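Before any comments, here is the structure.
All values derive from a computational prediction rather than experimental measurement.
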Amino acid sequence: MNFPLPIDVATIKSQNDSLLFVFLFSTFDEAEQFHTSFMDNSDLKLDLLENDKKEISFRLFSESNSVGVVVPTKRTFENNKTLSLISDENYKDYLYITFGYKTEQQVLYNQQYSYPVFLNYLPFE
């Protein structure tokens with residue numbers, strides 16, 4: 001499969017108290033291309049991998065088409081308070097991924113294309 005790769009991941013608390021992981025691309029067209037190439041409403045798994053500097057990488061895997069992507073970030077639980085909501089029991093059933101892009105001022109995404117995701121946190125040991 002040939003599709004653009006995400007360059008970052010934003011964590012956003014939505015208005016309905018869900019936690020969104022927005023996989024960000026350079027343009028709206030790239031986000032749409034990834035969405036149509038990668039997604040098929042299949043079982044998705046999202047791993048949060050912590051390195052020795054406590055920085056989080058996001059690994060998204062689709063079991064039905066055996067494709068995955070890893071997006072390293074500089075985010076930590078200390079510098080991104082929204083990310084720390086993954087340990088809140090009130091959010092464990094309200095975790096979603098979606099795709100978008102970032103302008104200078106804001107993250108833009110289509111919440112209509114949000115998919116529930118099972119989250120697995122793998123701390124550095």
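Side-chain atoms of F3 and L5, non-hydrogen and from C-beta on, do get closer than 4.5 Å to each other. At a threshold of 4.5 Å between non-hydrogen side-chain atoms, the residues Y109 and F28 do not count as touching. Two residues are said to be in side-chain contact when any heavy atoms from C-beta on lie closer than 4.5 Å; F25 and K102 fail this criterion. With contacts defined as side-chain heavy-atom distances shorter than 4.5 Å, the pair I86/D88 does not qualify. The side-chain heavy atoms of L20 and I97, taken from C-beta on, include no pair separated by under 4.5 Å. The shortest distance between side-chain heavy atoms of R59 and L46 does not fall below 4.5 Å.
The aromatic rings of Y113 and H35 lie tilted to each other, with the angle between the two planes from 30° to 60°. Ring geometry for Y121 versus F77: interplanar angle over 60°, hence perpendicular rather than tilted (30 to 60°).
To the nearest 0.5 angstrom, F23 atom CZ is 7.0 Å from F58 atom CZ. In this structure, L19 CG and D93 CG are separated by 12.5 Å, a value rounded to the nearest 0.5 Å. Atoms CG and NZ, on N90 and K92 in that order, are 10.5 Å from each other to the nearest 0.5 Å. Annotation: the span from T11 atom OG1 to K81 atom NZ amounts to 12.0 Å, rounded to 0.5 Å. Here OG of S114 is found 12.0 Å from CZ of F21. Values are rounded to the nearest 0.5 Å. Here the straight-line distance linking atom NZ of K45 with atom CZ of F61 works out to 9.0 Å at 0.5 Å rounding.
Put simply, Y91 and Y96 are part of two different groups of oily side chains (I, L, V, M, F, W, Y) that touch within less than 4.5 Å, one to the next. Using a 4.5 Å cut-off between side-chain heavy atoms of Ile, Leu, Val, Met, Phe, Trp and Tyr, with links allowed through other members, L85 and L49 fall into different hydrophobic clusters. I12 and L119 fall into different hydrophobic clusters, where Ile, Leu, Val, Met, Phe, Trp and Tyr side chains are chained together by heavy-atom contacts under 4.5 Å.
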*Does the side chain to side chain contact (heavy atoms under 4.5 Å, CB included) test come out yes or no for F118 and L95, once each step is laid out?*
CA-CA 7 Å; F118 173 77; L95 302 173; over 6 Å; no
**Study point:** Audit row: Y101, T27, side chain to side chain contact (heavy atoms under 4.5 Å, CB included) steps and yes/no
**Key:** CA-CA 6 Å; Y101 65 103; T27 66; 5.7 Å; no
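The backbone N or O of S14 lies less than 3.5 Å from no partner atom in the side chain of S18, so there is not a single donor-acceptor pair.
Contact between G100 and A31 at its shortest, heavy atoms only, is O-CB, 3.7 Å. Contact record, T82 with K13: CG2-N, 3.8 Å, taken as the closest heavy-atom pair.
The side-chain contact (heavy atoms from CB on, under 4.5 Å) test with L48 is passed by exactly one of L83, N120, L122: L83.
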Anything under 3.5 Å between a donor and an acceptor, one on a side chain of residues 69-76, the other on a protein residue two or more places apart or in another chain? List them.
unit_1: T73; atom_1: OG1; unit_2: I56; atom_2: O; d: 2.5
unit_1: T73; atom_1: OG1; unit_2: R75; atom_2: N; d: 3.1
unit_1: R75; atom_1: NE; unit_2: V9; atom_2: O; d: 3.3
unit_1: R75; atom_1: NH1; unit_2: D8; atom_2: OD1; d: 2.7
unit_1: R75; atom_1: NH1; unit_2: D8; atom_2: OD2; d: 3.4
unit_1: R75; atom_1: NH1; unit_2: V9; atom_2: O; d: 3.1
unit_1: R75; atom_1: NH2; unit_2: V9; atom_2: O; d: 3.3
unit_1: T76; atom_1: OG1; unit_2: E78; atom_2: N; d: 3.2
unit_1: T76; atom_1: OG1; unit_2: N79; atom_2: N; d: 3.0
unit_1: T76; atom_1: OG1; unit_2: N79; atom_2: OD1; d: 3.4

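Sparse packing is recorded around OH of Y94, with 12 or fewer heavy atoms of other residues, nucleotides or ligands lying under 6.0 Å away.
With no hydrogens or angles considered, no side-chain donor-acceptor pair links N110 and T98 at under 3.5 Å.
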